[in-house]
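Since the structure comes first, as structure tokens, the remarks are kept for the end.
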Amino acid sequence: MSIKTQGLPEGFLWGGATAANQCEGGFDKGGRGLANVDVIPWGPDRRAIVLGKKKHLDFEDGYYYPAKEAIDMYTHWKEDIALFAEMGFKTYRLSIAWTRIFPKGDEAEPNEEGLKFYEDIFKECKKHGIEPLVTLTHFDCPMHLIKEYGGWRNRKLVGFYEKFATVVFNRYKGLVTYWLTFNEINMLLHAPFIAAGIFIEDGENKKQITHTAAHHQLVASSIATKIAHEVDKNNKVGCMVAAGDYYPFSCKPADVFASILENRENFCLIDVQSRGYYPNYLLKQLERDGITIPFEDGDKEILKNHTVDFISFSYYASRVSSEEELGKAEGNIFGSVKNPHLKESEWGWQIDPLGLRITMNTLYDRYQKPLFIVENGLGAVDTPNENGEIIDDYRIEYLRSHIKEMIDAVNLDGVELWGYTSWGCIDLVSAGTGEMKKRYGYIYVDRDNEGNGTLKRTKKKSFDWYKEVIASNGKNL
Ligand code: BG6
């Protein structure tokens with residue numbers, strides 16, 4: 001049932017989000033080099049590869065690699081942006097594939113064809129009055145940097161990223177002002193191959209490696225923030241966290257403490273990006289675990305002086321902590337204890353609209369910086385009816401209930417929120433499972449898990465619903 005609300009302040013950035021590796025395809029077009037995300041297959045081995053537990057650095061027979069063609073936005077981008085514009089998008093979150101700009105990652109000169117590709121996209125967005133919101137790295141790392149240098153475990157990656165960021169900020173000056181440095185930076189602690197191009201060898205200390213890589217990404221993020229501000233003082237740079245508060249399973253103090261610890265695990269890296277220094281709890285914990293942070297001269301100053309302008313996050317579900325081993329729910333890479341009060345999606349992700357308001361309050365209380373919701377949505381199976389229509393009422397219901405809580409967080413709690421980009425505004429490849437069947441979009445794409453289909457785009461019922469949400473600035477949900 002539709003809902004009326006007070007709406008949102010004028011200028012609110014409504015839109016949708018995608019990531020290069022999940023929609024572009026064209027993996028070998030335009031001089032693009034190979035990246036970690038290209039060689040992650042669909043199927044039973046995917047998870048172990050994503051988590052850096054199974055080494056898989058090349059295409060191998062017997063596997064299907066969904067990122068190679070994805071939904072071929074590489075050739076369909078104009079048509080897709082026109083559909084976003086028809087929905088009234090004020091912003092479109094997309095990522096730049098690093099390997100289109102620097103195919104190997106360590107070249108002296110960038111690839112002009114790749115630079116031009118994104119320039120055309122940004123210009124097309126502007127033509128439609130859409131503000132691009134650009135993620136520099138959304139789970140992609142050039143394969144050459146992985147094979148030659150070991151991915152983000154190597155400090156040299158900071159310099160390569162700095163170069164990439166410098167080229168991109170200069171080239172797109174005036175076209176892009178909203179930037180995110182690393183997608184879901186906390187993912188790196190759980191899924192080091194997809195998030196940082198790292199495979200953990202037998203006998204290696206995973207925690208040491210992931211925190212070394214995290215330090216490199218944190219320094220790289222601060223350097224990029226510095227450069228972004230130098231190139232254009234209007235640039236706004238955000239961090240990005242896979243959010244969703246951990247609730248204590250019960251009021252047992254040990255459960256409450258367990259939730260504090262798990263929330264800190266999520267926040268520890270954006271604490272650094274937002275506040276400019278490592279939080280004491282993390283320093284103490286790493287010291288206890290015998291982990292060293294590879295500080296080099298000048299790192300502390302860089303982190304301190306170049307903090308982010310805003311906090312962006314993905315929210316799909318809340319999580320639960322308990323001191324006991326209890327039944328687990330599925331979740332965004334890392335699952336949690338199951339919450340008996342919540343329903344769940346077809347993929348077992350728990351559905352908690354109020355949890356979005358709770359998470360927004362937590363983040364705003366913690367950082368006192370503007371927020372940007374850059375991912376939220378329902379992954380579901382969509383089946384076209386006999387007329388080819390997709391009546392996705394379940395998706396509308398999910399989004400409506402979450403947007404309602406988001407509006408309450410702004411109007412009732414005073415949370416400062418710049419915008420909302422729902423995830424996968426057009427159907428794309430799932431990062432977690434590699435499936436096409438797990439769809440988030442307002443726009444259906446005819447393609448299946450094995451890569452069959454015409455790639456035809458069709459508006460779902462949610463397309464017109466979201467169009468009205470945007471047109472009414474959130475008053476009509
Ligand atoms: C986030 C990622 O983790 O969740 C996206 O930033 C991803 O890349 C999204 O697609 C949804 O997860 P999934 O596994 O359903 O694709």
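Hydrogens, waters and symmetry mates play no part in the numbers below; they use all other heavy atoms, side chains included. Note that ligands are numbered from 1 as they come in the structure, with each ligand's atoms numbered from 1 the same way.
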Enumerate the residue pairs fulfilling ring-ring contact (aromatic ring centres under 6.0 Å, His included) with a member in residues 17-37, sequence neighbours excluded, ordered by first and then second residue.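 Listed once each, the pairs are F27-F59.
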Considering residues, nucleotides and ligands other than K126, do more than 12 of their heavy atoms fall under 6.0 Å from its NZ?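 Yes, enclosed.
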If you look at each N/O of ligand 1, which protein N/O atoms lie under 3.5 Å away, and at what distance?
residue  : atom   : partner : partner atom : Å
ligand 1 : 3 (O)  : E184    : OE1          : 2.5
ligand 1 : 3 (O)  : E184    : OE2          : 3.0
ligand 1 : 3 (O)  : N332    : OD1          : 3.0
ligand 1 : 3 (O)  : N332    : ND2          : 3.0
ligand 1 : 4 (O)  : E375    : OE1          : 3.3
ligand 1 : 6 (O)  : H138    : NE2          : 3.2
ligand 1 : 6 (O)  : N183    : ND2          : 3.0
ligand 1 : 6 (O)  : E184    : OE1          : 3.4
ligand 1 : 6 (O)  : E375    : OE1          : 3.2
ligand 1 : 6 (O)  : E375    : OE2          : 2.7
ligand 1 : 8 (O)  : Q22     : OE1          : 2.7
ligand 1 : 8 (O)  : H138    : NE2          : 2.8
ligand 1 : 10 (O) : Q22     : NE2          : 2.9
ligand 1 : 10 (O) : W423    : NE1          : 3.2
ligand 1 : 14 (O) : S430    : OG           : 3.3
ligand 1 : 14 (O) : G432    : N            : 2.8
ligand 1 : 15 (O) : K438    : NZ           : 2.7
ligand 1 : 15 (O) : Y440    : OH           : 2.5
ligand 1 : 16 (O) : S430    : OG           : 3.1
ligand 1 : 16 (O) : A431    : N            : 2.8

Residue pair F313 / E375, side-chain heavy-atom distance below 4.5 Å: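 Sidechains of E375 and F313: no contact.
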A side-chain contact here means heavy atoms from C-beta on lying under 4.5 Å apart; do D352 and Y315 qualify?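 A side-chain contact exists here, since the closest heavy-atom pair is under 4.5 Å.
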Mind checking what makes side-chain hydrogen bond (donor to acceptor under 3.5 Å, both in side chains) contact with R400, not counting sequence neighbours?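 side-chain hydrogen bond (donor to acceptor under 3.5 Å, both in side chains) list for R400, sorted by chain: E397.
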For E162, give me all partners under side-chain hydrogen bond (donor to acceptor under 3.5 Å, both in side chains), at least two apart in sequence or on another chain.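 Not a single residue meets the side-chain hydrogen bond (donor to acceptor under 3.5 Å, both in side chains) criterion with E162.
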